[in-house]
Amino acid sequence: MEFLKRAILRIASTPDARLSELPRLHRRLLLPILSSASALYRLSLLLRRCRRLLLSPHRLPVPVISVGNVTWGGNGKTPMVELIARFFDECGVAPLVLTRGYAGGDEAKMLKRHLQDTSAIIGIGANRAATAASLLNKHGYTDACRVLCMEDHTLPHKFGPHSDNGKVGVVILDDGMQHWSLLRNVEIVMVNSMMPWGNSHLIPRGPLREPLSALGRADILVIHHADLVSDMQLKIIESTVLYICATLPMFFSRLVPSHLFGVKNPHSRFPLTMLNNSAVLCVSGIGFPYAFFHAVRELGPLHVGRLDFLDHHPFKASDIQLIREKAAKLAADYNKETVVVVTEKDYDRNPHILGEIDDINVLVLCSSLQIMPLEGKSEDDFRMKLKELLIRTKSAP
């Protein structure tokens with residue numbers, strides 16, 4: 001199964017013009033099967049759209065913001081959800097974050113840790129309409145747009161205390177673009193600048209969850225990991241997007257490391273300089289591990305090694321043994337004690353087994369999403385656009 005998943009990932013990242021570079025087994029056996037499966041997937045999308053036209057989506061009594069993507073993993077959806085939740089918390093509006101809790105619920109656990117000092121409420125469940133109804137009934141709800149209209153639009157950072165006793169004012173859908181059962185006011189689409197569309201085929205032949213024409217539903221598009229690619233690559237992505245939707249507002253984002261903590265004590269806090277001149281082994285099971293590896297490498301260690309698992313991979317005893325072996329080899333090669341660094345998602349998915357490692361120093365890298373000031377667009381502009389869209393949709397008939 002591991003071989004098959006890695007083979008599918010390789011095919012999905014290989015353009016049609018370079019298919020000859022794939023192993024013969026991939027070309028002769030897997031490609032025809034995956035192409036047929038993609039055709040069936042396209043048909044299922046068509047049927048879902050027809051169902052969507054026949055059955056009206058559920059409307060919540062508060063504004064809904066969806067954060068999603070048109071491709072699989074590594075697009076920065078969950079960090080963006082956190083940024084938006086903090087924005088509304090600063091406004092005095094309690095946000096309700098709805099997440100599926102997929103594959104061990106690592107995203108939900110990370111959001112709970114990051115947002116525990118805010119008014120945010122985390123709702124977990126595949127049926128998001130039912131989850132939302134239950135939590136809105138429990139906590140009550142209020143008109144977030146009334147609060148936003150009271151804010152000084154020229155001072156996007158200076159918000160007053162408008163809290164309505166913890167009543168929910170806005171719902172944020174984590175990974176919500178393909179969740180069509182809930183009506184949304186704002187659709188935010190995240191794009192991974194390092195692999196925006198893969199080979200441009202639908203899953204499983206490629207990474208696309210929907211055809212690129214689905215970008216036409218977006219109200220805001222955010223190009224993530226914009227600090228890791230050239231200006232030319234950004235321009236190519238922008239050109240593709242603007243061809244589909246000429247007026248779509250675009251912003252740029254990156255992940256910024258803040259600190260480290262130990263796997264045995266998530267309340268500990270260590271400076272990033274702790275990795276200076278050390279040998280580091282990056283261990284991850286996430287959608288796009290290169291960004292994590294790059295972030296650690298930029299912190300100044302003597303050497304950085306990699307051990308990549310598949311996205312949402314649950315660590316087993318055999319994996320821990322492999323980590324030990326890789327760490328020991330690094331220590332021997334560089335005559336330095338090796339520090340193992342994992343992502344927050346990997347920690348939240350595997351806290352117990354990672355906490356049982358006593359012979360290696362295992363740390364967790366914490367990061368947050370930042371809107372980059374590119375092309376005259378800043379984080380303040382992003383907030384203002386979000387407020388503008390919410391107020392406009394609220395006032396629309």
Side-chain angles (χ1 to χ4, degrees), residues 59-68 76-98 111 114-115 117-121 132 136 139-174 176-177 182-191 215 217-224 241 245 247-254 368-397:
R59 183 189 293 271
L60 296 178
V62 296
V64 176
I65 300 169
S66 166
V67 179
K77 297 184 300 293
T78 304
M80 173 57 76
V81 166
E82 180 189 344
L83 182 140
I84 296 171
R86 287 193 175 278
F87 162 59
F88 282 104
D89 177 68
E90 291 170 12
C91 287
V93 175
L96 168 59
V97 176
L98 296 179
L111 284 168
H114 281 214
L115 296 173
D117 62 336
T118 73
S119 59
I121 300 161
L136 289 173
H139 296 278
Y141 55 88
T142 188
D143 185 356
C145 291
R146 174 180 58 83
V147 176
L148 294 176
C149 286
M150 292 168 60
E151 302 296 348
D152 181 353
H153 284 256
T154 64
L155 297 172
H157 276 320
K158 301 188 177 182
F159 304 121
H162 301 295
S163 176
D164 283 325
N165 299 318
K167 292 181 179 179
V168 174
V170 65
V171 166
I172 308 170
L173 289 179
D174 184 15
M177 189 174 184
L182 274 181
L183 195 69
R184 67 283 317 273
N185 299 72
V186 179
E187 187 85 70
I188 299 176
V189 176
M190 306 293 295
V191 174
L215 294 175
R217 301 203 309 270
D219 297 296
I220 295 175
L221 185 132
V222 180
I223 301 175
H224 191 45
V241 172
C245 186
T247 59
L248 181 60
M250 279 184 273
F251 295 87
F252 306 88
S253 67
R254 64 184 176 187
S368 60
L369 186 140
Q370 180 184 84
I371 300 293
M372 297 174 62
L374 287 179
E375 298 186 2
K377 300 171 185 174
S378 66
E379 186 164 316
D380 287 350
D381 296 313
F382 176 81
R383 293 180 176 210
M384 293 298 295
K385 174 55 70 174
L386 188 55
K387 288 171 64 174
E388 173 194 321
L389 288 167
L390 282 178
I391 293 169
R392 184 193 305 165
T393 57
K394 176 68 175 180
S395 60

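Distance check, rounded to the nearest 0.5 Å: CZ of Arg184 to CE of Met177 gives 8.5 Å. The CG atom of Leu136 sits 11.5 Å away from atom OG1 of Thr142, with the distance rounded to the nearest 0.5 Å. To the nearest 0.5 Å, atom CD of residue Glu375 and atom CZ of residue Phe252 are 4.0 Å apart. Atom CZ of Arg392 and atom CG of Leu389 lie 5.5 Å apart (nearest 0.5 Å). To the nearest 0.5 Å, the span separating NZ on Lys385 from CD1 on Ile220 amounts to 7.0 Å. Atom OG1 of residue Thr247 and atom CG of residue Asp219 lie 10.0 Å apart, to the nearest 0.5 angstrom.
Remark: the backbone N or O of Met190 is not paired with any side-chain donor or acceptor of Lys77 at under 3.5 angstrom. Between the side chain of Asp89 and the main chain of Ser119, a donor-acceptor pair closer than 3.5 Å is present. Proximity of a side-chain donor or acceptor of Arg86 to a complementary backbone N or O of Thr118 within less than 3.5 Å is not detected.
What you find for Glu90 and Arg383 is that their closest heavy atoms are OE1-NH1, 3.0 Å. Residues Ser66 and Glu187 come closest through the heavy atom pair OG-OE2, 2.7 Å. Contact detail for Leu173 and Val81: the closest heavy-atom pair is O-CG2, 4.4 Å. Residue Tyr141 comes nearest to Pro61 through the heavy atom pair CE1-CB, 3.5 Å, listed as atom of the first residue, atom of the second, then distance. The two residues Ala85 and Val97 have their closest heavy-atom pair at CB-CG2, 4.4 Å. Of all the heavy atoms in Gly169 and Val93, the pair that sits closest is CA-CG1, 3.6 Å.
For the pair Ser253 and Leu369, the minimum side-chain heavy-atom distance is below 4.5 Å. Inter-residue side-chain proximity for His114 and Leu111 is flagged as unmet; no heavy-atom pair is nearer than 4.5 Å. Residues Phe382 and Ile188 meet the side-chain proximity criterion, which asks for heavy atoms closer than 4.5 Å. Counting heavy atoms from C-beta on, the side chains of Ile65 and Phe88 come closer than 4.5 Å.
If you run side chain to side chain contact (heavy atoms under 4.5 Å, CB included) between Leu96 and each of Val168, Leu60, Val62, only Val168 comes through. With Ile172 as the fixed residue, the side chain to side chain contact (heavy atoms under 4.5 Å, CB included) test singles out one of Leu98, Val64, Ile84: Ile84.
Arg59 meets the salt bridge (Lys or Arg N to Asp or Glu O under 4.0 Å) test with no other residue; sequence neighbours excluded.
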